[in-house]
Structure formats: C-alpha cells, structure tokens
Amino acid sequence: MPAAGGFAVPLWRAVAVFRVASLAYVCVVLIRDGDRYAHPLAAGALVLVMAVWTGVTAIGYAVPARRGWPLLLTDLGVVVAILLATPWVMGRPALDAGLPTLPVAWLSGPVLAWAVAGGRRRGTVAALVLGATDLSTRGMVTPSAFNGAILMLLAGVVVGHVARLTVTAGERLHRAVELEAATRERERLARDIHDSVLQVLALVQRRGAHLDGEAGELARLAGEQEVALRSLISGAAAAPVGAADASVDLRTLLGRLASATVSLSAPAGPVPLPAVVARELAAAVAAALDNVARHGGGRAWMLVEDEGSGVTVSIRDEGPGFPPERLAEAAAQGRLGVAQAIRGRLTDLGGTARISSTPGAGTEVELTVPRRQP
C-alpha cells in the first residue's frame with residue numbers, strides 16, 4: 001500500500017525532519033555521557049555514520065522511485081548494525097548503569113519510513129525488529145527500555161494508519177477531479193448541442209407536428225430524437241444495480257419515459273431516493289402513461305416535486321377522461337391495472353396514489369412516496 005502522490009510529500013518531509021532532530025539529540029547524549037563510554041572515539045565515529053546515513057535517507061526518500069524495498073531494507077539494516085555495535089562502543093558498565101543506548105530516538109527513523117511507505121503492517125514489522133534488537137543489546141529489560149519499544153511500536157501503527165488515510169484521500173480527490181472535468185466537458189458539449197442540433201430538431205418537430213404523411217412522421221421522429229439527445233447530454237445514466245438502499249436519482253428513471261408526446265418537468269438538482277423506491281415509483285408512472293396511450297389520452301405531462309420529506313410525481317393528460325365510478329367498475333370486473341400496477345405499488349412503499357378525472361377534461365394521477373420508508 002504505497003503512499004504515493006502529493007499527499008505523501010509532507011509525511012516524508014516529517015520523517016526527514018524527525019531524523020535530523022533525533023540526530024541532534026544523539027549528539028547531546030554523546031556530549032553528556034561520552035566520558036562514561038568504553039570507546040568515546042568509536043562513539044563519535046558511530047554518530048558520524050548516523051549523520052551520513054541521515055543525509056542519504058533524506059535524499060533517497062525524497063524521490064518516489066527510490067522508496068522501494070532496496071532502500072527500506074538497507075535503512076533497517078544500517079540501524080540494526082548500529083544497535084549491535086552499541087554494546088561494544090558504550091561498554092557493559094554504561095549499559096548496566098541505565099544509560100540510554102547511543103542511537104536513542106534516532107533508531108525510530110526506519111519505523112516511520114516503513115509505516116509511511118507501507119502502512120500499519122510494515123510499520124509494525126520494523127518496530128518489532130528494532131525493538132527486539134534494542135532490548136537484546138541491553139542484556140536486560142528495564143521498564144524504560146520496554147516503554148521505549150512500546151512507544152516505537154505505537155508510532156509505527158499510528159503513522160501507518162495516517163499514511164493509509166492519506167492514500168485514500170488522494171484517490172478520492174483524484175476521482176473527484178476527474179468527475180469535475182468530465183462534468184465540465186459534458187456541460188460544454190451540452191451548450192454547443194443546445195445551440196445547434198437541439199434547436200433544429202425542435203423546429204422540425206414544431207413545424208411538422210400537424211402535417212400528414214411522411215412529413216408528419218419525420219417531425220415525430222425529430223421530436224423523439226430531441227428528447228433522447230436531451231437525456232443524453234443532461235448526464236442521465238443508467239440506474240445502479242447495487243444495494244437496495246443505494247441512492248438513485250429519480251429524474252434518471254423518469255427521463256427514459258419522456259418522449260415527443262410525454263414531457264418531463266423536474267427540479268434542477270438530483271431527486272435522490274432509495275433504489276427500490278425509485279424503481280417502483282417509476283414503474284407506477286410507466287403504468288399510468290400506458291393507460292394514457294391505451295385510452296387515447298394524447299399528450300401527457302410529468303411533474304416531479306421534491307418536498308424534502310417525500311417526493312410527488314404528477315401525471316396529467318389531455319385525453320377524454322372518465323367518470324369517477326369507472327375505476328370501481330373496472331376493479332369489480334377483474335381489470336386490476338390501476339389497482340395493482342399503480343395503487344398497489346404505492347401502498348407497498350407507504351405512499352399514496354390519487355387519481356382524478358372528469359369526462360372531457362383529461363386525467364390527473366398524483367403519486368406520493370415518503371423519503372423515509374416505514
């Protein structure tokens with residue numbers, strides 16, 4: 001799980017700063033306790049090696065291509081070697097007196113590097129290796145030495161977790177940037193198409209709507225293509241087939257029902273509903289539109305209203321209408337299209353279906369579903 005990209009740069013810089021600061025503390029410890037070491041000159045040479053390796057790692061980890069296993073393993077090996085040389089440099093009496101080992105906090109550098117490069121697991125592995133090596137060189141486990149190993153282990157876990165979050169944030173930002181770029185390009189294309197193709201198709205449909213023969217058929221086809229093209233450039237995508245509680249934009253499903261004779265009016269923003277609810281509501285709307293076409297309702301209009309706590313879809317046509325008792329008669333005769341396909345669906349969703357019609361004045365169907373399902 002490499003921590004790549006711009007988000008990881010501050011973490012690698014923080015590791016480099018930590019190593020420099022901890023090296024400064026090593027120098028302070030050497031000045032304070034050097035006269036008690038068995039080989040003070042060797043201790044100075046060892047600190048010089050640590051300083052050189054601090055510079056090497058700062059340069060190496062600064063380039064993403066070099067943050068692989070060769071440098072990580074070498075980094076860990078160098079620090080282990082310095083720890084193994086510490087007992088000879090300091091001498092057993094100094095260690096038995098409770099003096100800190102020469103690398104002190106500097107030995108945590110590889111732990112942080114491994115955690116940033118590979119997350120919690122790598123950080124934990126490096127911490128266990130260095131902690132075990134440090135404790136073994138002391139010859140005895142003191143409370144302070146054990147606490148230091150535990151703190152190093154916690155540092156590897158925490159920094160590794162932060163590195164993982166960094167990678168996740170970077171991936172999400174990348175996807176968001178791509179989506180924004182695609183949206184802007186679609187909007188640009190939509191403007192260009194609206195200013196040319198859509199206007200021509202709409203003009204052909206209006207001019208030829210009342211003509212007979214092939215001219216009228218061409219006008220109808222132009223109207224259908226206008227609706228299809230508008231749906232395409234508006235970004236209407238297929239409804240996802242994921243989890244039942246996934247959010248689906250109702251406008252997408254109802255947009256497929258629009259045509260040259262069926263108009264759709266919806267809010268400018270998304271109308272999110274759970275996938276199951278959105279599909280069932282769209283199916284009820286489709287059943288209502290089928291009735292319009294079957295009974296010669298002529299043109300129809302769909303209106304979507306997002307009321308916050310619920311969503312209402314109204315379908316109105318300019319057909320011949322029917323008397324109020326017609327629905328009861330149809331249900332008694334076993335014709336359950338309205339009862340099951342429309343009202344049954346809305347009842348299952350915890351919503352309501354209101355159908356009103358007057359002979360000669362068309363029909364209006366109002367379907368309402370709550371956003372929070374019972």
Side-chain angles (χ1 to χ4, degrees), residues 168-169 171-187 189-190 224 226-294 300-317 336-355 364-374:
T168 302
E171 293 174 349
R172 291 180 178 177
L173 177 62
H174 181 68
R175 289 195 296 268
V177 170
E178 289 183 341
L179 179 60
E180 182 181 5
T183 301
R184 289 183 177 179
E185 179 64 14
R186 185 172 62 241
E187 291 176 351
L189 292 174
E224 292 179 355
E226 179 198 2
V227 172
L229 190 55
R230 285 187 186 277
S231 299
L232 178 63
I233 64 176
S234 65
V241 293
D245 58 350
S247 180
V248 173
D249 188 356
L250 180 63
R251 301 177 308 166
T252 299
L253 300 180
L254 297 184
R256 302 173 185 174
L257 303 177
S259 65
T261 58
V262 179
S263 300
L264 172 63
S265 298
V271 183
L273 283 175
V276 172
V277 177
R279 285 194 289 266
E280 287 297 297
L281 180 56
V285 173
L289 293 175
D290 287 341
N291 287 334
V292 173
R294 186 180 302 113
W301 294 265
M302 294 184 291
L303 173 63
V304 181
E305 299 175 276
D306 191 344
E307 301 167 346
S309 60
V311 175
T312 298
V313 180
S314 301
I315 305 98
R316 183 172 59 86
D317 65 61
L336 303 177
V338 173
Q340 292 183 351
I342 299 179
R343 284 180 173 163
R345 280 191 167 97
L346 270 294
T347 300
D348 292 342
L349 297 175
T352 58
R354 186 182 64 84
I355 303 174
E364 182 174 0
V365 179
E366 186 177 278
L367 309 177
T368 302
V369 295
R371 178 159 271 116
R372 185 181 297 276
Q373 295 303 296

Q: Please report the interatomic distance CG(L173) to CD(E178), rounded to the nearest 0.5 Å.
A: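 Between atom CG of L173 and atom CD of E178 there are 10.5 Å.
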
Q: To check you understand the geometry: which heavy-atom pair defines the closest contact between V304 and V311, and what is its length?
A: CG1-CG1, 4.2 Å

Q: Please check if the side chain of R251 supplies one atom and the backbone of G269 the other of a donor-acceptor pair under 3.5 Å.
A: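 Yes, because the side chain of R251 sits within donor-acceptor range (under 3.5 Å) of the backbone of G269.
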
Q: Mind checking whether L264 and R256 have side chains closer than 4.5 Å, heavy atoms only?
A: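 No, side chains not in contact.
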
Q: To the nearest 0.5 Å, tell me how far R175 CZ sits from E171 CD.
A: 6.0 Å

Q: I want to check something: taking the side chain as every heavy atom from C-beta on, are V285 and M302 in contact at a cut-off of under 4.5 Å?
A: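 V285 vs M302: side chains touch.
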
Q: Who are the side-chain contact (heavy atoms from CB on, under 4.5 Å) partners of S314, not counting sequence neighbours?
A: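 For S314, the residues satisfying side-chain contact (heavy atoms from CB on, under 4.5 Å) (neighbours in sequence not counted) are L303, E305, T312, E364, E366.
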
Q: Heavy-atom distance under 4.5 Å between the side chains of V313 and L250, does that happen here?
A: yes

Q: Got a second to check how far T368's OG1 is from E307's CD, nearest 0.5 Å?
A: 6.0 Å

Q: Out of curiosity, R343 CZ to L367 CG, how far, rounded to the nearest 0.5 Å?
A: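 These two atoms lie 10.5 Å from each other.
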
Q: So L273 and V248, side chain to side chain contact (heavy atoms under 4.5 Å, CB included) or not? Walk me through it.
A: CA-CA 5 Å; L273 283 175; V248 173; 5.9 Å; no

Q: P272 and D306: which non-hydrogen atoms are nearest, and at how many Å?
A: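 P272 and D306 have their closest heavy atoms at CD-OD2, 4.5 Å.
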
Q: Is there side-chain contact between L281 and R345, with heavy atoms separated by less than 4.5 Å?
A: no

Q: What are the two closest non-hydrogen atoms of I315 and A288, and how far apart are they?
A: CD1-CB, 4.3 Å

Q: If the test is side-chain contact (heavy atoms from CB on, under 4.5 Å), which one of V262, T261, L289, V292 qualifies with D317?
A: V292

Q: To the nearest 0.5 Å, what is the distance between CD1 on I342 and CG on N291?
A: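 If I round to the nearest 0.5 Å, the distance is 5.5 Å.
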
Q: Are V369 and L346 side-chain neighbours, meaning at least one heavy-atom pair lies under 4.5 Å?
A: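 Yes. Closest side-chain heavy atoms under 4.5 Å.
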
